[in-house]
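As C-alpha cells, the structure follows; a few thoughts come after it.
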Amino acid sequence: MRGMPEADTQSPGPALPADDVVVEALRCGDEDMFAALLTAWSPGMLQVARAYVADEHAAEDVVQDAWVGVLRGIDKFEARSALRTWVYRIVINRAKTRGVNDARTVPMTSLTAAKEDFGPAVDPGGPRAGSRGADDPLAPPRTPVAWPSPEGEILALEVHQHIERALGSLPARQRIVITLRDMQGYSSDEVCALLEITAANQRVLLHRARTSLRGTLDRYLTAQSGKEPTR
Amino acid sequence: MTTMNCDEFVRLVTAYLDEDLDAGTERRFTGHISECGGCDVYLRQIRVTVTELGHLPAHGLTDQARETLLNAFRDWSAR
C-alpha cells in the first residue's frame, strides 16, 4: 500500500537527482551535492542507527562514521541496489558493530530464533473473543475503547513523546523494522533485502512492534479521555 | 466459510494491511469487521498508530557533525 519514496520525503530541500548523477557528482568532488545528501538522508540514517545503539549521541557517531565509509566506497559503488539502500546497509553494519560493542542490543546477525520473532503475535491488549474476558475475574474487559479524535486533534507533541518512549523499549529487531516500514515508508520486500530476513520474520517483527505501540497509545489516549485504561 | 474469531483477526491485521491475505481469508477478515465493533476499532487504531509513526519529527545531524563531514569530503576529494 505504500511505495518506496524516491527521495527521503521526511527531509527538507529539493528532491535529489537520479543515483547515477549523484554518484558522478560525488566522484567529481561536488561538495554541494554531498551537502544536499547529508541534509536529505541523515535524518533517516539517524533513525536507523538509533534502533541499534543506546542514545542519540551514539547514533550520530555511527552516522558520521557511515558517511566516511560512503566516501571511501563510492568509487566502487556498482549500482546493484539503489544508492540509498547501499548507504543504509553501511549505516546498519556500523550501527550493529557499535551496538554489539556497547553490549546494549542484540545483533541481527547472531539470531536465528529470537523469542520476540516467533512468539504468539496476539496483542495482549487487543480485542478478545466473545465474553471470555467477562467470565474471567482476572481478565479485565478487552474490547478496545475508541480513542478520542483519532484523526488529528490529538495532542501531537505528547503523542509523539509517548511513541518515542515506546520505540525505545522495543527490541532492536522490532525497532529497525518498524522504523524502516512505518517511519520511512520502505516496502516489506525492501526491508527484507536490507536486513536479510525472511518475509515471515519481517511480518512478525512489524506486527509485534505495531501491537506494542498501539498498546502504548491506547493507555495514554483512553486515560486522556477520562475513561479507565483498558490495561 | 468459517467465521473468524478476534484472536485470528488480530494475528492477521499486519498481513491484511500489507494486502497479503488470500482472497478467502480476506473475505473472512472483512466479514469479521462488519460484525465485531471491537475489532473495527482495533484496526482503526493500528492505522492511526502507523500514521502517527510516519509523522514523528526527524532530526538532522548537529552543525558540528555536518561541518566535520564537509571537511572530510574536501580532504577526500583532494585525494
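Below, chains carry the letters A, B, ... as their sequence lines are ordered, and counting in each starts from 1.
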Crowding at CG, B:N71 (>12 non-hydrogen neighbours, <6.0 Å) |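 Check passes, neighbour count above 12.
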Near B:E35 CD, under 6.0 Å, is it more than 12 heavy atoms from other residues, nucleotides or ligands?
->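 Above 12, so yes.
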Heavy-atom proximity to chain B below 4.5 Å, by part of [X]:
X      : result
A:D32  : neither
A:L217 : side chain
A:I163 : side chain
A:I178 : side chain
A:D30  : backbone
A:L37  : neither

Taking B:L69 as the fixed residue, which of A:V70, A:V68, A:L71 is the one that meets the side chain to side chain contact (heavy atoms under 4.5 Å, CB included) rule?
->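 Filter result, single survivor: A:V68.
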What are the two closest non-hydrogen atoms of [X] and [Y], and how far apart are they?
X      : Y      : answer
B:G38  : A:P144 : O-CG, 3.3 Å
A:S188 : B:D18  : CB-OD2, 4.4 Å
B:V10  : A:H207 : O-CE1, 2.8 Å
A:Q47  : B:P57  : NE2-O, 4.3 Å
A:H160 : B:E52  : NE2-OE1, 3.3 Å
B:W76  : A:L26  : CZ3-O, 3.2 Å

Residue B:A15 versus chain A: region with a heavy atom under 4.5 Å |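 Backbone plus side chain of B:A15, per the 4.5 Å heavy-atom cut-off to chain A.
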Atom pair [atom1] ([X]) and [atom2] ([Y]), whose distance is rounded to the nearest 0.5 Å:
X      : Y      : atom1 : atom2 : value
B:T68  : A:Q64  : OG1   : CD    : 5.0 Å
A:T211 : B:I46  : OG1   : CD1   : 5.0 Å
B:L70  : A:L38  : CG    : CG    : 5.5 Å
B:L56  : A:Q161 : CG    : CD    : 11.0 Å

CA sep, side-chain torsions, deciding dist, call: B:L53, A:L167, side-chain contact (heavy atoms from CB on, under 4.5 Å) = CA-CA 10 Å; B:L53 275 162; A:L167 280 170; 4.3 Å; yes
Under a 4.5 Å heavy-atom cutoff, which of A:R72, A:E31, A:R27 has the most pairs with chain B?
->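 Heavy-atom pairs under 4.5 Å are most numerous for A:E31.
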N/O donor-acceptor pair under 3.5 Å between B:Q45 side chain and A:V145 backbone =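 Yes.
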Let me see the working for A:T39 and B:R66 under side chain to side chain donor-acceptor pair (under 3.5 Å), right down to the final yes or no.
-> CA-CA 9 Å; A:T39 302; B:R66 191 180 167 84; 3.0 Å; yes
Name the member of B:A65, B:S77, B:A72, B:A78 that forms the most heavy-atom pairs with chain A at distances under 4.5 Å.
->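 Looking at each of B:A65, B:S77, B:A72, B:A78 in turn, B:A65 comes out on top.
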